[in-house]
Amino acid sequence: MSDLFSPDSEVIWQKKWNEARLFEQDIRDNRPKFYCLEMYPYPSGKMHMGHVRNYSIGDAVARYKRMMGFDVLYPMGFDSFGMPAENAAIKENAHPHEITERNMASITDQIKRMGFSYDWRRQLKSHDPRYYRWNQWFFTKFMEKGLAYQAFAPVNWCSQCETVLANEQVKAGRCWRCNGPVLQKGMSQWFLDIPKYAQELVDGLDTIQFPENVKSLQRDWLGRSEGAEIKFAIEGSDEELTVFTTRPDTLFGTTFVTLAPEHPLAATLVAGTEHEAEWQVLYDEVSAMSEFDRIKNMNKKRGVPLGAFAIHPLTGERIPIWAGNFVIASYGTGAVMAVPGHDERDFDFAKSYGIPIRRVLVKNENDDPNAELKKAECELGWMVNSALDGFDGLYGEDAKTAVIDALAAQGSGTKTINWKIRPWLVSRQRYWGTPIPVIHCDSCGPVPVPAKDLPVELPRDVVFGEGNPLETSASFLAADCPSCGTPGRRETDTMDTFVDSSWYFLRFTDALNDELCFDEAKANHWMNVDFYCGGIEHAQMHLIYARFWTKALRDLGLHQIDEPFNELLCQGMVNKSAPWCEPCGLTFSVDHAGKPCPHCEGPLTERSAKMSKSLGNTVSPEDMIERYGADTVRLFILFAANPTAGMDWSDTALEANYRVMMQLYGMPERLASWDGEAGDMDVWFEGRLKQRVAEFKAAMDTYDLRRAVELSHYELVKDVNWYTRRGGNNPVLAKRILRHWAHMLSISTPHLAEEWWSVLGMEGLISGAEMPSLDSITAEEQNALDGETTTRSFLESARKIKDVAERHLDGPAKTATIIVAPTWKRELAITALEFLEQGGNPKQFISVLSQMEIAQGDRKGEIMGFWGKKMLPQVFKWDDDSRVLIRSSLDEVASLTQRAAFIAEELGLDEVVVVLGESEEDKTGRAGGAMPLSPAVVYA
RNA sequence: GCAGGGGUGGCUGAGGUGGUCAAAGGCGCCGGGCUUAAGAUCCGGUCCCGUAUGGGUUCGUGGGUUCGUAUCCCACCCCCUGCACCA
C-alpha cells in the first residue's frame, strides 16, 4: 500500500490549484464554452450529503469539459436571503447578517475541502447590496413596463411565518416552508405578471432538455386550457356576468349559473333579497377557512340562490343565479355556467337542489336524445335538443366552434385561453430579503426609487420578533417622494427570495461588474447554462420563476437568451436505511433499531429512507472526508448510483471504495516496478486503452457518470490484471497508459490524479491539462483485442464444460483438444448474415441455402437441420463486432494455437491441441458442436 | 379523478431502437491461489437440471404480434411523484 495518501495531501493539492488559478475562467477567442452550474445553496452552517452529491456530479462534468478543451464557467455562490437566518436571529437575539456570514464561512470551508473546481472569484451572495441592488433595479423597470404592480387581492397568508406566500409556495393548503396552515386574507400586495409569459413558458419547454416529469409538472402548473368566455345578461340589471367554460358545446344545457361566494356580483345581487342572510353565512364560512379546510369541505356541495336571474345569451331563457362553495374565485372568471347533464359537479348540485337536468349531448350519433341521464355524461358527444336550429348533430370541436361563432356574432362570447398560473406574489412581510424599492407618496402614489438612489439598503436599526421588522426602523421609513419631493413613506415589504435565484446565473457571467447587472456580450457568450444540476423540488417554483425572469430581462433588452437552462439534471436523493415496520408501513428513527415496532410490537426490518435529522440516519460529510478523504467520498457517491437515481448510503460500500482508492494510489509505483520488455500483450493494452478512452467519453457525453467512473476506477484495473496475467510487464508502456488513465481519474478523484501526475513526472497540474487525443485503433490492435476476447470467452465456457466432462473421466482432465468449427459453418454464417442484412426474411433463407454448394450431396439434410436448429438462432446472437470477426481474416486455429500454452495453464492441463473440425487432424469426431467463434473442446 | 415515472435474479440495479440476455456492475455468499494466520489482493463460482459444450424455467399478471420478445401491442394489478370539485 502506498503511503502517498493522507487526507492532508488533498488540501495541499487544493492549495496548488488555487495558487495556479486553474479554475478562474475568462472568455478566450475561438474556444467552445461550457456553462456548468449547480443550484446555489442556502447557506446553512453545514454541508450535507445532498450538497456533496450535487456538486460531485457538477464538478465531474466541469472537469471533463475542461479537459476536453472547453472554456468552462463553473461558479458557486449563496442564496443567502431567507427566513431561516431571520428566525435564528430572533432565537439567538443576533442579526441575520452576522448569522448568514458566519454560516457562509463555515459551509464554504467544507465545500472547498471537497476540491471542487469553482471559479471562486465569481462567488455571489444574495444579501450583498451589490447583488440585490439589481433586484431592485429590475423591479423598477418592471414597474415601468407594468409587469410589476400593486394590487389588493385575497392572498395566501401563513401566520407562522407571518408573511404572504405565492401560489406556488402553498403545498396541499400548507406553507411550503413551515407546513403551517395557510389562510386567505385580503391585502394589498406586489405582483409580477407571469401569466403574460405563460404561452412562451409552455412553448419553451419543447426547446430545452428537461426531464419529462419536470416538463409535465410545469405544464400542469401553467395549466393552459382552451375554451370560451360567455357573457350572460342579468335580468333587471345593467350588469352582466362572464363565465369561463371549456365546453361551449354544452351551452344549451345550462340550467343555472354558479358564482364563487366571493364573486363581487354575488353580494350585489343578493343584497335585499330573502337569501341574503343565507349567502352571508356561506360567504363567511368560505372566506375565513384556510384553503386546506376549504378543499376538504368542498365535496359537500352547498349553494345559495341569489334571487337573481341571468339571460341565456342564445335562447333568452331565464336562468337562476346561485352561489356555490365549489367555485373558485380566482380561477377563470369566478363564475361558471352550470350544465348538470354533462358535468359531474353540476349534476350533484342540481340533484340536491332540485334544479332541472337537461340532455344536450348523446354518446353515439343515433342515440335517443331524450334518454334519461342517470349521471353526468362528460365526454364529448353529438349535440341534441339544441334550442336553435343548425346545432344538432355537431360533434366535439365542430360543436364548440359553432356555439362560439354564434355567440361572437352577437357579441356575447369569445374563444379564450385560460391559464391556471396566476401573477407571482412577490412581496413578503419579512426583513431578510431585498427591500422593494418604492416610496409611497400621498399625492403621487407608489413611486419607484430612481436608479441613482439604489440600492435601498436594509437598515440595521430594526427590532425582530413583532411583525415586519422594517416597520420598526424610523430612518428607513422616512423618505421623500422621488417625484414631488414631499415626505413619503418607504415600502416595507421585501421581495420573495425566489427573486434572488431567478437571475443569479446571469450575474455569474459577469459577477464583478459594479456598473451593470451584467455585460450583455458576456451574458450572451456564456448563456445559456449547458448543464444545470439540482433537486427536483425546484421543478415548479425556482425553475418557472427563473425562466420567466430570463425572458423578462431579455425583453428589457439586457440580453438575447430565451431560456436560461439548456439541460437540467435532477439528482436523486441520498438515502440510508432506517428501521421499518412492514405491517404498519412506518419508518422509525435509528433509535428503534433492534427493538420491536412501537405500534404493533412486531419485529422491525430495515428500509432505505431519505436522510433526515428526525430519523437520525444522516451521515456527516465532514467525518467521512476526515476518515477517507474527499476523493473516496466523491468516488462512492458517483459510483453508487446514476446521478438521477436515488442512492443508498452504505458504510461497507464506502470502505470498498476506499480500498479501490488505496489500490489506485499504489498503481504507478506497482507498474513502475515492472521490469520486462515490450511484448505481444503491449499491442493488446494499447488497443484496450483506446477502447476504454472512447467508452469513457461516450459515457461522459451522456452524463452517465456511473459508467464513466466504473471504467476509470474499475475496468482499467481489471485490464491491468489481465495484461499481467498474460505475461505483460513493460514499464515503458505502463507509463504511457497511466498518463492517459490519470485524466479519466481526474474528473471524480482529482487529488488522486494529481498524485499520479506528479509521480509520473509530468509538468504542471493535471487539473489544468487537456486530455490528449488518441489515434484510432490499428488493425493489429484490433486483432489482438479480438484474440483476447475470444480466448476469454472460450475459457469461460471451457471451464464449465470441464466440470461436466470430468464426471465422465476417471480422474481430472489432463489434456484438451479444441475443435474449431469446420469452414463450411463459417461460410454458411457469412452467407446468412449477408442475406439478412439485405433485409431477407429468415424463413426464406432455407431456399438460398439449398442452392449453396455446401448443401449439396448426402449431407444436405444434416446441413439444413443445422441451419434451423443451431445457426439461425446463433446468427442473431452475434453482435456487430462478432459479425465483423466472422467475415474477417481471423484464423481461429492460429489464434488459439498461439494462446494454447496460456489456455492450458488457465485450465490446469498438461497439453492443449487445436484442430480444425472435420479435418485430417480432427480425430475426435466431435466437431458437431463447434460454431464459428465458439469452438468445441474435448477433454481427456 | 388527471398527468408523469416505475414494477428485473438473495438484495441493489443496468439494459429496454425485438435477436450480442440466464440478463452488466455492486453488495452478499461459496471455492481456489497467496499467507504462519487474518486482512488486503488476485482467480473462479453463485436460477434449476444435466453421464460433455446441452435442456428447462425466469425480467408484476394475463393475452397478442413474430422465425424470435425483459425489450413491441392490448387488458389488468401494484408502487412512487405531482396536481386536484380548475368549470
Side-chain angles (χ1 to χ4, degrees), chain A residues 1 171-172 211-221 223 225 227 243-247 250 258 294-295 297-301 324-328 330-339 343-346 348-349 378 418-420 536 539-540 608 639-642 645-648 650 652-653 656-657 659 662-663 666 704 706-707 709-710 714-715 717-718 721 724-725 794-809 813 819 836 841-846 868 872-883 906 908 926 928-931 934-939:
Chain A
M1 187 177 294
K171 302 283 165 193
E212 221 25 73
N213 56 340
V214 173
K215 287 189 182 186
S216 130
L217 241 46
Q218 293 212 353
R219 284 196 194 99
D220 275 2
W221 191 258
S225 107
V243 303
F244 173 76
T245 180
T246 55
R247 296 298 301 279
T250 62
T258 319
R294 186 168 172 182
I295 286 167
N297 283 309
M298 268 190 189
N299 45 19
K300 287 181 233 135
K301 289 194 184 37
N325 66 340
F326 62 96
V327 179
I328 298 166
S330 49
Y331 182 77
T333 59
V336 297
M337 61 180 220
V339 185
D343 181 283
E344 271 178 43
R345 291 155 304 177
D346 299 341
D348 291 352
F349 195 87
C378 305
N418 195 48
W419 296 91
K420 200 168 76 172
I536 184 79
Q540 74 262 59
S608 96
F639 185 60
N642 270 327
M647 64 168 279
D648 288 345
S650 149
T652 52
N657 282 286
R659 291 196 295 266
M662 289 307 101
Q663 191 187 357
D704 186 352
R706 217 202 75 84
R707 175 65 186 154
V709 167
E710 185 176 6
Y714 292 84
E715 301 284 18
V717 174
K718 290 184 195 166
N721 291 334
T724 54
R725 190 168 153 199
F794 169 76
L795 277 175
E796 214 166 285
S797 54
R799 268 194 201 101
K800 282 182 191 159
I801 297 158
K802 193 171 170 232
D803 283 346
V804 186
E806 284 179 341
R807 286 179 220 160
H808 302 273
L809 300 169
I819 306 115
L836 293 170
N841 186 315
K843 272 179 170 171
Q844 277 141 27
F845 182 73
I846 199 92
L872 173 63
Q874 184 57 53
V875 147
F876 287 105
K877 285 187 180 175
W878 281 314
D879 59 18
D880 291 345
D881 291 347
S882 305
R883 288 175 185 211
E906 286 291 310
R926 305 285 272 280
M931 290 293 276
S934 176
V937 58
V938 175
Y939 290 96

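Just the heavy atoms: all of them, side chains too, but no hydrogens, waters or symmetry mates, feed the values below. Below, chains carry the letters A, B, ... as their sequence lines are ordered, and counting in each starts from 1.
- Of the two residues contacting RNA chain B, namely A:Asp220 and A:Ala335, the nearest-nucleotide position lying further toward the 5' end is that of A:Asp220.
- In this structure, the side chains of A:Gln663 and A:Val717 come closer than 4.5 Å at one or more pairs of heavy atoms.
- The phosphate of B:C42 has OP1 or OP2 within less than 4.0 Å of a side-chain N or O from A:Asn721.
- If you measure from atom OH of A:Tyr714 to atom P of B:G26, you get 8 Å, rounded to the nearest angstrom.
- Between A:Phe876 atom CZ and B:C21 atom P the separation is 15 Å, expressed in whole Å.
- Whole-Å rounding puts the A:Met931 CE to B:U20 P distance at 14 Å.
- Candidate nucleotides B:U53, B:A87, B:G25 were compared by shortest atom distance to the side chain of A:Val937, and B:U53 ranks first.
- Rounded to whole Å, atom P of B:G15 lies 10 Å from atom CZ of A:Arg706.
- Residues A:Thr250 and A:Asp343 are not in side-chain contact: their nearest non-hydrogen atoms beyond the backbone lie 4.5 Å or more apart.
- Across all strands, A:Val938 comes closer than 4.0 Å to base atoms (heavy-atom distances).
- Going from atom CG of A:Asp348 over to atom C1' of B:A87 covers 14 Å, rounded to whole Å.
- Stem regions annotated for RNA chain B: B:1-7 with B:77-83, B:10-12 with B:25-27, B:28-33 with B:41-46, B:47-49 with B:54-56, B:60-64 with B:72-76, counting only runs of 3 or more consecutive pairs of Watson-Crick or G-U type with both contacts under 3.5 Å.
- The listed nucleotides are B:C83, B:A52, B:A87; the one nearest the side chain of A:Lys420 is B:C83.
- Residue A:Arg707 has no polar side-chain atom (N or O) positioned under 4.0 Å from OP1 or OP2 of B:A14.
- Between A:Met662 atom CE and B:G39 atom P the separation is 20 Å, expressed in whole Å.
- Of the P atoms belonging to B:A84 and B:U12, the separation is 33 Å, rounded to the nearest Å.
- The nucleotide whose nearest atom lies closest to any side-chain atom of A:Phe244 is, among B:G25, B:A87, B:U41, B:A87.
- Ranking B:A87, B:A3, B:A52 by closeness to the A:Ser225 side chain, first place goes to B:A87.
- Using P as the reference atom, B:C21 and B:C11 are 22 Å apart when rounded to the nearest Å.
- The side chain of A:Ala936 has B:U53 as its nearest neighbour among B:C27, B:C86, B:U53.
- Shown here are the ring-ring contact (aromatic ring centres under 6.0 Å, His included) partners of A:Phe845, two or more places apart in sequence or in another chain: A:Phe835, A:Trp867.
- Spacing of C1' atoms, B:C79 relative to B:G60, comes out at 10 Å, to the nearest Å.
- The C1' atoms of B:G18 and B:G64 are separated by 15 Å, rounded to the nearest whole Å.
- Taking only side-chain atoms of A:Glu710, from C-beta outward, the nucleotide of B:U41, B:G25, B:C86 with the closest atom is B:G25.
- The side chain of A:Arg725 approaches B:G44 more closely than any other nucleotide in the set B:G44, B:A40, B:G4.
- Residues A:Thr246 and A:Phe244 are in side-chain contact: their nearest non-hydrogen atoms beyond the backbone lie under 4.5 Å apart.
- Using atom C1' as the reference point in both B:G19 and B:U66, the two lie 11 Å apart (nearest Å).
- When rounded to the nearest whole Å, the span between NZ of A:Lys802 and P of B:G45 equals 13 Å.
- Taking atom C1' on both nucleotides, B:C48 is separated from B:G10 by 15 Å, rounded to a whole Å.
- Distance from the side chain of A:Tyr939 is smallest for B:A52 among the nucleotides B:C42, B:A40, B:A52.
- Checked against B:G45, B:G26, B:G82, the side chain of A:Leu217 finds its nearest nucleotide in B:G82.
- Counting only heavy atoms from C-beta outward, the side chains of A:Asn213 and A:Lys215 never approach each other to under 4.5 Å.
- A:Asn642 has its CG atom 11 Å from the P atom of B:G13, to the nearest Å.
- Listed pair A:Gln663 / B:C42 meets the phosphate criterion, a side-chain N or O lying under 4.0 Å from OP1 or OP2.
- Counting any heavy atom pair closer than 4.0 Å across all strands shown, A:Arg799 reaches sugar-phosphate atoms only and no base atom.
- The residues A:Lys718 and A:Glu710 are annotated as not salt-bridged, no charged nitrogen and carboxylate oxygen being separated by less than 4.0 angstrom.
- Rounded to the nearest Å, the gap between the P atom of B:G9 and that of B:G5 is 23 Å.
- Nucleotides B:A87 and B:C72, compared at atom C1', are 39 Å apart to the nearest Å.
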